[in-house]
J.: 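Okay, here's the structure, questions in a sec.
Note that this is a predicted model, so its numbers are computed, not measured. Lettering of chains follows the sequences in order, A, B, ..., and the numbering in each one begins at 1.
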Amino acid sequence: MSNHILPPDILENAKAWPIQEAKALKKRLDKTAKKDGLVTFETGYGPSGPPHIGTFGEVARTSFVRHAFSALYPDYETRILSVSDDMDGMRKLPPVPGADALEPYLQQPLSRVPDPAGEAESFAGANNAKLQAFLDRFGFDYEFISASDAYNSGRKDGALIRMLEVYDEVMDIILPTLGEERRATYSPILPISPDSGRVLYVPLLERDAASGTIVYEDEDGTRREQKVTRGQAKLQWKADWAGHWYAFDTDYEMSGEDLTESVRLSRRIIQAMGKEPPVGFNYQLFLDEEGKKISKTKGNGLTIEEWLRYASPASLQLFNFSAPKKAKKLYFDIIPKTADEYWSHVEKFADQEDAKRADNPAFFIHQGDVPSVTPPVSFSLLLNIVDASGTSDPEVLRGFVAKYRPDASEEEMAALEPMLGYAVNYFQDFVLPKKSFRAPTDEERAALEFLVQRFSEVGEDEAEDVYQTIVFDAGKAQGFENMRGWFKALYEVVFGQSEGPRMGPFVKIYGPRETAELIGRALKREA
RNA sequence: GGGCCCUUAGCUCAGUUGGUUAGAGCAACUGACUUUUAAUCAGUAGGUCCUCGGUUCGAAUCCGAGAGGGCUCACCA
């Protein structure tokens, strides 16, 4: 690894989208006279369920922009906030074991709902922990913020008071967008009942910005007067977004295109509050193999875990880097391809001029610290080897790779190691289930026993040809009409598939004794 | 219907501030090699750059209109 610092004039002319975003952000900072100090990137998370691949994508993409910005304008200090909306009420029971016990907590802030698994201090806390574990695994640099903490600690008090002050303007913005029924009860500020602990969707009967108090009717009909500060009230959706921006001085936040309308309204709200809205960016949603929108409830598309089972975090970042404005299909087949594309970018980076590097995805994925060594084979080739050899034994796979790439350095072989792990998972999930072992015929059994015998005796360091010849000898000794049939039988009995590795090289790598044992075990399988 | 976004080879995508003959990987096809297959290697083929119009000496690229697709426009977040 070596940190590549590209000169600003090169970056200035780069066309990669994070660079364009960084330049747009700089314009905003100049406009708001925020000439130095802290630049805040915000990302959001709804802790009503575990983090999904879209949550991850938002942080990844925001990180790309942040890196571009820091590289272009190194004088600014930057931070990424990951804000969990755990003050939101629990609207329905989550699809997890033990959820029934949560019924009494409906409508209460997610941070006050107990964790049905009993591990975290709250339901939201459990999901927040998962989110952070994911982000940490990818090495993202961020600051986690619990919305509940922000409310309870008073960090959002200023935004709530300000919302009271501009209440009429905000209502004018929101009301025209609502249906008639909702219009009658809408309030941008939602009190939290001191009695039931629930977030109440009730109209405000009275309000006083100077004292920061509101009057409303609780669910049981009680008329209450209470402060909006210190977690006694929260902001409603679009107002809440504006409230985050207001409280955290957010300069940049991207969001999925399904939220474009919400962003528009939130921008108008924060303007009513007297601040400049952050620079935004709408990225497209992911689709499944059929081109349908991926949703948590439907369970279509891939999860983060599934991706990471077959390919590296960096490859998932690449998927998020390329064409964010395009609705892309996210399904298994693209994983090996994306993984190979990632390594190809890394490989190119080493020989590229700075101007090209400034557009290379690897530059953004690694924040400039691009690896200098790549694995000796592509992931696609490795999967082919796994398929053809019918094995996921890392030692054997290493042997095959070394055979394909005799010049591979130690460092390159070391870079292969994580890839081997992904190949093993691929083998277990896709190759193994298709295997079906059959019992040998008497003739085949005799030939296989012959093989066991010979491989037990033959030298460990013979040439591939020697081993290959033994296999043919076994077939001929039993009088097989064509060798193709003999090999097919060998593969079906020993490897559980009708195709397999060339036997000579396989035995050379796997070892004649080990091969003898492998065949022996296959013969006992049906015995 | 309004708004935002997308459309380049069968698939996934590149295409360097408008510039010669639009490229890559996979898939397909042909051949070489291996005493089976797969793999590997070499090569071939494949495009109305969604359509039409405009700007320009010159357009995949810029502008306009249209077509197709995605999201969004009651509630909730």
J.: With a 6.0 Å cut-off on ring centres, are A/Phe363 and A/Phe321 close enough?
T.: no
J.: If pairing requires Watson-Crick or G-U wobble contacts with both distances under 3.5 Å, which nucleotide is the partner of B/U44?
T.: B/A28
J.: Which part of the nucleic acid, if any, lies within reach of A/Glu180 when heavy atoms closer than 4.0 Å are counted: base, sugar-phosphate only, or nothing?
T.: nothing
J.: On a whole-Å scale, what distance lies between the P atoms belonging to B/U12 and B/U56?
T.: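 Per the computed distance, 38 Å lies between those P atoms.
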J.: Does A/Tyr201 have a side-chain nitrogen or oxygen under 4.0 Å from the phosphate oxygens OP1 or OP2 of B/A77?
T.: yes
J.: Using 30° and 60° as the class limits, which term best fits the ring planes of A/Phe379 and A/Tyr422: parallel, tilted or perpendicular?
T.: perpendicular
J.: Which is more 5' along RNA chain B, the nucleotide nearest A/Arg183 or the one nearest A/Arg264? Just name the residue.
T.: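 The residue mapped nearer the 5' terminus is A/Arg264.
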J.: In terms of side-chain heavy atoms of A/Ala323, which of B/A14, B/G70, B/C6 is nearest?
T.: B/A14
J.: Please measure how far the C1' atom in B/C50 lies from the corresponding atom in B/G58, and state the result in whole Å.
T.: 23 Å
J.: Checking base pairs now: Watson-Crick or wobble, both atom distances under 3.5 Å. What partners B/C62?
T.: B/G54
J.: So what's B/G1 paired with, Watson-Crick or G-U wobble, going by both distances under 3.5 Å?
T.: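 Checking every strand shown, B/G1 finds its partner in B/C73, with both distances under 3.5 Å.
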J.: Just checking A/Leu259: base, sugar-phosphate only, or nothing, at a heavy-atom cut-off of under 4.0 Å?
T.: base
J.: Rounded to the Å, how far apart are A/Phe281 CZ and B/C6 P?
T.: 9 Å
J.: Could you tell me which nucleotide pairs with B/G68 by Watson-Crick or G-U wobble geometry, both distances under 3.5 Å, or answer none if nothing does?
T.: B/C6
J.: Report the residue (A/Thr260 or A/Lys238) whose heavy-atom-nearest nucleotide on RNA chain B is the more 5′ of the two.
T.: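 Nearest nucleotide further toward 5': that of A/Thr260.
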J.: Roughly, in whole Å, what's the span from CG in A/Leu175 to P in B/C75?
T.: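 Computing the A/Leu175:CG to B/C75:P distance gives 11 Å.
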J.: Determine if A/Phe472 stacks with B/U35; use a centre-to-centre distance below 5.5 Å and an interplanar angle below 30° as the criteria.
T.: yes
J.: Do A/Lys325 and A/Phe281 meet the cation-pi criteria used here (NZ or CZ under 6.0 Å from the six-membered ring centre, within 45° of the axis)?
T.: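 Yes, A/Lys325 lies over the aromatic ring of A/Phe281.
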J.: Identify which nucleotide among B/A77, B/G70, B/U35 has an atom closest to any side-chain atom of A/Lys476, counting heavy atoms from C-beta outward.
T.: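 From the listed options, B/U35 comes nearest.
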J.: When rounded to the nearest Å, what value does the distance between P atoms of B/G25 and B/A45 take?
T.: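 That atom pair is separated by 15 Å.
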J.: Taking atom types as they are modelled, is there a donor-acceptor pair under 3.5 Å from the base of B/G3 to the side chain of A/Glu261?
T.: no
J.: Tell me whether the centres of the aromatic rings in A/Phe472 and A/Trp486 are closer together than 6.0 Å.
T.: no
J.: Can you check side chain to side chain contact (heavy atoms under 4.5 Å, CB included) on A/Leu178 and A/Glu181, steps first, answer last?
T.: CA-CA 8 Å; A/Leu178 298 175; A/Glu181 243 175 83; over 6 Å; no
J.: Any idea which of B/U36, B/A77, B/U72 is nearest the A/Asp258 side chain?
T.: B/U72
J.: Between B/C5 and B/G66, how far apart are the P atoms? Round to whole Å, please.
T.: 16 Å
J.: Using the P atom on both, measure B/G15 against B/U34 and round to a whole Å.
T.: 42 Å
J.: Rounding to a whole Å, what distance do you find between A/Leu235:CG and B/A77:P?
T.: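 Nearest whole value for this atom pair: 12 Å.
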J.: What's the closest nucleotide to the side chain of A/Tyr491 if the choices are B/U36, B/U35, B/C75?
T.: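 The closest nucleotide is B/U36.
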J.: Distance between the P atoms of B/A22 and B/G47, in whole angstroms?
T.: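 Here B/A22 and B/G47 have their P atoms 12 Å from each other.
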J.: Classify the nucleic acid contact of A/Asn282 as base, sugar-phosphate or nothing, counting any heavy atom under 4.0 Å across all strands shown.
T.: nothing
J.: Describe the nucleic acid contact of A/Ser344 in one word from base, sugar-phosphate, nothing, applying a heavy-atom distance below 4.0 Å.
T.: nothing
J.: The side chain of A/Arg91 lies closest to which of these nucleotides: B/U36, B/C5, B/C76?
T.: B/C76
J.: Are the side chain of A/Ser193 and the backbone N or O of A/Val199 linked by a donor-acceptor pair below 3.5 Å?
T.: no
J.: Under 4.0 Å between any heavy atoms, over every strand shown, what does A/Ser262 touch: base, sugar-phosphate, or nothing? Just pick one.
T.: base
J.: Counting only side-chain heavy atoms from C-beta out, which of B/U35, B/C71, B/A77 sits nearest to A/Thr469?
T.: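 Minimum distance to the A/Thr469 side chain belongs to B/U35.
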J.: What is the distance, rounded to the nearest whole Å, between atom CD of A/Glu257 and atom P of B/C6?
T.: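 Taking atom P of B/C6 as the reference, CD of A/Glu257 is at 10 Å.
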J.: Looking at A/Leu175, is its backbone amide N or carbonyl O close enough to the side chain of A/Arg183 to form a donor-acceptor pair, meaning the two atoms are under 3.5 Å apart?
T.: yes
J.: Please report the distance separating the P of B/U20 from the corresponding atom of B/C49, rounded so that it comes out in whole Å.
T.: 16 Å
J.: Between B/C6 atom P and A/Trp17 atom CH2, what is the distance in whole Å?
T.: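 So the two atoms are 14 Å apart, to the nearest Å.
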J.: Select one nucleotide: of B/C6, B/U35, B/C71, the one nearest the side-chain heavy atoms of A/Leu285.
T.: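 For A/Leu285, the side-chain atoms sit closest to B/C71.
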J.: Would you measure the distance from the C1' atom in B/G46 across to the matching atom in B/A9 and give it in whole Å?
T.: 6 Å
J.: Would you indicate what A/Phe400 reaches in the nucleic acid, counting non-hydrogen atoms under 4.0 angstrom: base, sugar-phosphate, or nothing?
T.: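 A/Phe400: no heavy atom of the nucleic acid under 4.0 Å.
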J.: Looking at A/Gln468, does any N or O in its side chain come under 4.0 Å of the phosphate oxygens OP1/OP2 on B/U35?
T.: no
J.: Atom OH of A/Tyr342 to atom P of B/G25: distance rounded to whole Å?
T.: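 Atom-to-atom, A/Tyr342 to B/G25, this comes out as 21 Å.
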J.: To the nearest angstrom, how far is A/Ile335 atom CD1 from B/G25 atom P?
T.: 23 Å
J.: Less than 6.0 angstrom from the centroid, inside 45 degrees of the normal: does A/Lys328 satisfy that with respect to the ring of A/Phe286?
T.: no
J.: Starting at atom CZ of A/Phe286, determine the distance to atom C1' of B/C71, rounded to an integer number of angstrom.
T.: 14 Å
